Amino acid sequence: MFLETQQKIRARFVEAVQEAFGLEVNEPVLGFPPSVELGEISVAASFELAKRLRQPPRKIAEQLASRFLPLEGVERVNVAGGGYLNFHLDRALLASALFRLRAEKAPAVPPGNEKILVEHTSINPNKAAHIGHLRNAVLGDTLVRLLRFRGHRVEIQNYIDNTGVQVADVVVGFLHLEKKTLADVQKLLQDPSVRFDYYCWDLYARVFQHYEEDKASLAWRAEALKTIEEGHGVPAQMAELISTAIVRKHLETMLRVGVRYDLLVEESEILRLDFWKYAFELLKKRGAVRLEHSGKNQGCWVMRVDSPEGETGGENGEDVKIIVRSNGTVTYVGKDIAYHLWKFAALGKDFGYAPFYRYTDGHEVWRTTAARSPKSPPFGGATVAYGVIDTRQSYLQNIVAAALRALGLDQQAANLHHFAYEVVGLTPACAEEMGVELAAEDRERPYIEVSGRKGLGVKADDLIDRLEEKALQEVRARELTQDPADQLAYARMIATGALRYFLLKFSRRIIIAFDFKEALAFEGETGPYLQYSVVRARNIFRKYREQHADFSEERLQTSVTPEQLRRFFTDAQDGTAFWELALLAAQAETVAEQAISAEEPSVLAKYAFRLAQAFNNFYHRYHILNESDAERQQFLLYLVYLAAESLSQTLEVLGIEVPERM
RNA sequence: GGGGGUGUAGCUCAGUAGGAUAGAGCAUCGGAUUUCUAAUCCGAGGGUCGGGGGUUCGAGUCCCUCCACCCCUGCCA
């Protein structure tokens, strides 16, 4: 397979340089020659070696070229240009290995023992989810799928900040603005005409407006926050009621786009089980935190934040972060430190667990509880942890890592990956469409920031609704099926495909300026384009089967011989075009590895698009069912299988399902 | 002030740990076997890769510097 061949070439290069020149070198970077006629893999390292060896690069490459063979999968090695080493692969061998890989349903890599923990979504459970949350969830979910695709054992956690300020604000809204009792809220929850998460969305905005108008009312918040954190009284009960209901809504929203979880870690349990107290003791013992006796932070426990160069302070004094407020409550970072110690099994304590939500396939989402439960699966205890958290929180994530280091957990700190992504804004036009009044200068901005406090944003479910509606129209217009259930199922897959691809095609470091027109597009570089490509390929097989009842895709593996593969892949007329498609299809694993190491799912999304493009091009150029040469027809079917199966497996990693018809 | 991010075609973005001729989608214009359903394909136009230095055989990519925009630097998260 392609990835393995690459690894072999790298390793062999190091040996070859050692043999030829007695020189120790690192594994070389592999590139791609400008066209497959020049080879499939290239190494440009001879240029660098030229200095050390005082020889022209071309001469170095020539001395190395002969030392690679025999190498499984490589047919020949030659020198091109000023000193490139170009590797020509054994096309028939690679293609048949790829066919076997795609045809076997078992994962390519057996699951390892090490557990990787991915935390994503982590929405404040006080109102409906918006597009920014969708970006987080889809990025996180795709990271999970990527890791699993490459054989890693992954646990998905969703952190629920159910004792934080944002929940407190909604409690304030119910208690003080709406004068509602616990029973009133309960009734509201049971009212089928009320979308509770939408209701809270509006209420939260109203609370903020009230804070603006009446600063004194901020005291409500402080009071509510304290009682919620202490876990007693009506505010605490109401917070529990609200957050649990909203979390359930969030799970349902995310399920619509194929995102699922294993465990909900609730902040209230971190407090209730004294995880924080325990972590606090550890930090104090190590001198990582100290109590301020004077100055602006008097009465607070703070942690010193070292600047990267080790220069602390300067004239303005050192940078510190408050961990415990002067009123004794813990900031979010403090709780996050405790949470992360538990993630790495470095706290010496564990939660209890209880089932919370069951998916239709039986998979259970668990939540943390204070009571121990013997029947739960083991959670936490990871060696590597990813946190999918927006980039604005980098400062706080650095503090968590710094705390780990302060406790001597350097290895864990190094294995803690802040998967930082940028937020989703609205284009000015979109913001105005949503009813926001913009100043002239705001219209010139690249994007308008969404604001939960102002109630400005595109709700996730509204967007998904619109996508499904549009997709349903398209499905109906095409008269693919008369069955309304099928129509709906197709529309949902197409809507999800469009949305997930839209959120994944951008690099995580750039701000997405959201626009309905772009997000609702089904043509060009979109999810539906990818899905359509696979559908086209499957249509070929379906039609072919109508004439050949005994046909199955798997049978191609034997009906096309290695001899034929060799012949068609080196055909003077079309060999290059055939080979380019197969070669691209073979790179899914290589690209997935890249996406993981760069922590950049867009790399795989872009690859899927390139593969779909290559396939559509091929589809248009070669008419398979009309092919009169039977051997050639079998070969073409073989090639369609490689491309379609590679693409559909890649789409699975992206969380994009393919409908039967489009 | 300090830390981080971004700047590539009219617009939105890629550019694979420096490599062989700067790419894609959208938009615009022109075309395609009345089919394995066109949610497709082909072609055209369009670029001082923010500016200036430097390193290198080679720089969109690395270093320095300047400019513009954004985020963080809360007893919010």
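The figures here come from the full heavy-atom set of this structure, side chains too, leaving out hydrogens, waters and symmetry mates. So you know, we letter chains A, B, ... as the sequences are listed, proteins then strands, and number each from 1. Computed from a prediction, not measured in an experiment: that's the story for all the values here.
- Nucleotides B:rU56 and B:rG51 are separated by 22 Å at their C1' atoms, to the nearest Å.
- Straight-line distance between the P atoms of B:rA27 and B:rC42: roughly 16 Å, to the nearest whole Å.
- Put simply, the side chain of A:Ser394 and the base of B:rC72 share no donor and acceptor less than 3.5 Å apart.
- By the criterion of a centre-to-centre distance under 5.5 Å and near-parallel planes under 30°, the ring of A:Tyr84 forms a stack with the base of B:rA20.
- Residue contacts for A:Tyr622: at a heavy-atom cut-off of 4.0 Å it reaches a base atom on one of the strands shown.
- For A:Arg392, counting side-chain heavy atoms from C-beta on, the closest listed nucleotide (B:rC71, B:rG5, B:rA39) is B:rC71.
- None of A:Val43, A:Ile9, A:Ile60 except one satisfies the side chain to side chain contact (heavy atoms under 4.5 Å, CB included) rule with A:Leu85; the exception is A:Val43.
- The residue A:Ile510 sits close only to the backbone: its heavy atoms come under 4.0 Å of sugar-phosphate atoms, none of a base.
- Distances from the side chain of A:Pro528 to the nucleotides B:rC13, B:rA20, B:rA39 place B:rA39 closest.
- Ring geometry for A:Tyr529 versus A:Phe609: interplanar angle of 30 to 60°, hence tilted.
- Nucleic acid contact class of A:Val603 (heavy atoms, under 4.0 Å, all strands): none.
- No hydrogens or angles were tested; on distance alone, a donor-acceptor pair under 3.5 Å links the side chain of A:Asn86 to the base of B:rA20.
- Under 4.0 Å is where a charged nitrogen must lie from a carboxylate oxygen, and between A:Arg545 and A:Glu553 at least one such pair does.
- Between A:Arg508 atom CZ and B:rC70 atom C1' there is a gap of 17 Å when expressed in whole angstrom units.
- One N or O donor and one acceptor, one from the side chain of A:Arg453 and one from the base of B:rC76, sit under 3.5 Å apart.
- Using a 4.0 Å heavy-atom cutoff across all strands shown, A:Leu38 reaches no nucleic acid atom at all.
- The strand RNA chain B forms stems, runs of 3 or more Watson-Crick or G-U wobble pairs with distances below 3.5 Å, at B:1-7 with B:67-73, B:10-13 with B:23-26, B:28-32 with B:40-44, B:50-54 with B:62-66.
- Minimum heavy-atom separation, A:Ser42 to A:Phe32: OG-N, 3.7 Å.
- Ring geometry, A:Trp276 versus A:Phe280: the interplanar angle falls under 30°, so the pair is classed parallel (tilted spans 30 to 60°).
- Separating the CG atom of A:Leu520 from the C1' atom of B:rG25 is a distance of 16 Å, rounded to the nearest angstrom.
- Interface residues of residues 468-478 of chain A facing RNA chain B, ordered by number: A:Val475, A:Arg478; criterion, heavy-atom separation under 4.0 Å.
- When the C1' atom is used for both B:rG2 and B:rU21, the distance is 44 Å, rounded to whole Å.
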Would you give me the side-chain donor-acceptor pairs under 3.5 Å for residues 509-519 of chain A, sequence neighbours excluded?
residue: A:Asp515; atom: OD2; partner: A:Lys517; partner atom: N; Å: 3.3
residue: A:Asp515; atom: OD2; partner: A:Glu518; partner atom: N; Å: 3.4

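- For A:Asn616, the listed nucleotide lying nearest its side chain is B:rC41; candidates were B:rC41, B:rC70, B:rG5.
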